[in-house]
Amino acid sequence: MSIQENKFQAIISHAKEYGFVFPSSEIYDGLSAVYDYGPNGSELKKNIRDYWWKSMTQLHDNIVGIDAAIFMHPTTWKASGHVDNFSDPMIDNKDSKKRYRVDHLIEAFADKLKEQGDEGEKKAGDLLAEMDQLLAKDDYAGLKQLIETNKISCGISGTCNWTEIRQFNLMFDTKLGSISEEADTIYLRPETAQGIFVNFLNVQKTARMKIPFGIAQTGKAFRNEIVARQFIFRMREFEQMEMQFFVRPGTQKEWYNFWKEERLKWHLSLGIAKEKYRFHDHAKLAHYADAALDIEYEFPFGFKEVEGIHSRTDFDLKNHQEYSKKKQQYFDNDLDENGKPYGNYIPYVVETSIGLDRMFLLILSEAYEEEMITKDDGTTDSRTVMHIPAKIAPTKLAILPLTKKDGLPEIATELMNDCKYSFKCFYEEKDAIGKRYRRQDAVGTPFCVTIDHQTKEDQTVTIRHRDSMLQERIPMSKVKEIVLAAIQ
RNA sequence: GCGGAAGUAGCUCAAUUGGUAGAGCGAUAGCCUUCCAAGCUAUAGGUUGCGGGUUCGAUCCUCGUCUUCCGCUCCA
């Protein structure tokens with residue numbers, strides 16, 4: 001475990017040192033649980049996003065994309081259930097410093113009452129009924145009163161020395177409109193999915209989609225996590241890559257299983273070992289789901305969720321129909337077993353939702369290696385190498401003239417100009433060649449090409465492979481196609 | 001948010017009982033022209049996290065604060 005923890009620390013340091021991830025606003029001591037992506041990080045993140053986007057919208061002809069706004073009409077979040085389910089009243093015991101969710105605290109007390117026979121059973125029922133009423137009214141003073149009159153105590157300290165009840169709202173809000181008194185409160189979206197749901201009919205009609213079909217979207221989402229830690233794993237501002245797949249009611253289970261397998265295939269297509277992944281089925285389901293699972297990856301700090309597959313039923317569309325008073329129905333012309341069209345219905349939804357930042361951390365965790373190598377003369381040496389899959393590596397090709405004289409930089413520049421329209425290249429003529437190789441290893445560049453004096457004679461160059469460190473002599477004219485073949 | 005630990009150059013770390021900060025690596029410029037980091041020269045880089053207090057004098061003692069790490073609490 002401690003080796004793994006050290007590895008995680010090493011990855012965080014490496015990420016900062018080589019321009020992948022910086023703490024946000026670092027010169028002002030940082031902002032907790034917010035991070036910025038540097039030059040290499042922003043390339044890698046973009047490449048992961050593009051790879052996902054392409055696999056969804058280009059390789060599936062029944063999936064189209066949208067880019068909905070972060071700001072949405074406030075009613076959206078009432079319909080989605082987030083306003084009610086996204087805030088929990090909390091209370092702290094002053095002696096034990098333990099924090100409880102108010103409803104959990106009272107429910108636990110009620111469970112104890114129930115064990116005391118019929119009379120306790122009745123008391124517990126009354127208590128819970130009263131709690132529900134107070135919760136519905138957001139009456140925190142009343143809830144505290146309820147705790148005090150029932151002498152509900154802390155399990156650790158045994159005292160009833162409680163703080164005031166406080167509300168932890170997990171959605172960020174802001175004001176729309178410049179004069180704050182007249183402005184409406186709106187939320188920063190806590191998930192991108194609702195932008196897809198409210199556009200369901202717009203997309204279905206304008207892109208002439210037939211069920212089953214999907215809508216994909218990537219974008220920022222915001223959650224006011226009480227504790228946000230573990231580097232970029234849990235951030236307050238993060239990016240999601242979501243796809244909502246609309247299906248005929250009754251077929252959701254089959255599509256749920258389809259996407260479960262399909263999404264795992266996507267992960268494995270990046271060359272990551274199957275053993276690093278596992279499925280985790282949710283026993284306790286969210287308010288909108290009839291089935292849910294996580295795709296978990298073994299991070300240095302244990303198996304954690306990277307992606308979720310949720311069978312969201314018709315919960316969202318049905319609620320949007322109710323709140324907006326706009327029909328969210330789809331007319332299905334396909335014929336059922338009786339030869340009649342399926343007709344009007346509100347589709348069911350299967351969601352795939354992956355955290356881009358988590359995927360980024362997954363790639364870093366998977367790629368990072370401190371390698372011990374034995375040199376030809378028997379001495380040992382170490383190198384830090386990022387085995388980032390070539391197709392998402394920040395830089396694809398480093399072009400290195402062996403020396404900065406004798407016309408070698410000119411030839412290298414020519415190659416650079418030939419390749420830079422096709423993929424991201426990096427040019428460097430400083431320092432010994434070995435040092436330059438190591439620098440490229442550290443940022444995960446899969447290929448280095450060295451131009452030497454022989455290049456002037458026969459137009460060949462040395463191409464050096466990052467993972468194996470093997471070198472081969474190839475015609476300079478082949479460089480572009482070799483790299484292109486590796487990144488597609 | 002609570003408890004514990006830590007914070008000195010980009011990184012890793014020094015600095016005697018309190019006497020106003022050094023090294024290695026890295027970076028930059030140049031030399032060398034070398035196919036797997038650690039040849040040579042030079043340069044830059046610090047209000048010791050920040051702010052008070054004690055003291056003639058604080059990196060060191062003390063208080064507060066911020067950040068990070070570990071453990072709790074929350075995570076639709």
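By convention in this document, chain letters (A, B, ...) are assigned in the order of the sequence lines, proteins followed by strands, and residues within each chain are numbered from 1.
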| Is there a residue in residues 466-476 of chain A whose heavy atoms reach under 4.0 Å of RNA chain B, and which residues are they? | M469(A), Q471(A), R473(A)
| request: Determine the interatomic distance between P on A37(B) and the same-named atom on G1(B); round to the nearest Å. | output: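 A37(B) and G1(B) have their P atoms separated by 48 Å.
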| message | Roughly how many Å apart are U62(B) and G45(B), using the P atom of each and rounding to a whole number? | response |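 Their P atoms lie roughly 34 Å apart.
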| query | Does the side chain of Y256(A) pick up a donor-acceptor pair with the side chain of D290(A) at under 3.5 Å? | reply |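 On atom types as modelled, these side chains do not qualify, holding no pair under 3.5 Å.
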| task | Could you tell me whether the side chain of F238(A) reaches within less than 4.5 Å of the side chain of R223(A), counting heavy atoms only? | result | yes
| task | Only counting residues at least two apart or in another chain, list the ones meeting ring-ring contact (aromatic ring centres under 6.0 Å, His included) with F71(A). | result |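 So F71(A) forms no ring-ring contact (aromatic ring centres under 6.0 Å, His included) with any residue.
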| Within 45 degrees of the axis of the six-membered ring of Y348(A) and under 6.0 Å from its centre: does R312(A) put its NZ or CZ there? |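 No, a cation-pi geometry is absent between R312(A) and Y348(A).
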| said: Whether R439(A) contacts A27(B) is assessed here as follows: a side-chain N or O lying under 4.0 Å from the phosphate OP1 or OP2. Is that the case? | reply: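 R439(A) to A27(B) OP1/OP2: side-chain N or O found under 4.0 Å.
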| request: Assess whether one donor atom and one acceptor atom, taken from the side chain of R234(A) and the base of C75(B), lie less than 3.5 Å apart. | output: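 Present.
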| request: Report yes or no: is there a donor-acceptor pair, N or O only, under 3.5 Å between the side chain of R464(A) and the base of C36(B)? | output: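 Checked by distance alone, the answer is yes.
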| request: Please work out whether the ring planes of F222(A) and F172(A) are parallel, tilted or perpendicular, with thresholds of 30° and 60°. | output: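 Correct class here is perpendicular.
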| request: Return the value, rounded to whole Å, for the distance between atom CG of L402(A) and atom P of C36(B). | output: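 About 10 Å, once rounded to whole Å.
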When you compare the protein's N or O atoms with those of nucleotides 44-46 of chain B, which come within less than 3.5 Å of each other, and at what distance?
none

| said: Taking the minimum atom-to-atom distance to the side chain of T450(A), which one of U33(B), C36(B), C35(B) wins? | reply: C35(B)
| task | Determine the sole option in R436(A), R439(A), R438(A), K404(A) for which the salt bridge (charged side-chain N to carboxylate O under 4.0 Å, His left out) test with D431(A) is passed. | result |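 For D431(A), the salt bridge (charged side-chain N to carboxylate O under 4.0 Å, His left out) test succeeds with only one of R436(A), R439(A), R438(A), K404(A), which is R439(A).
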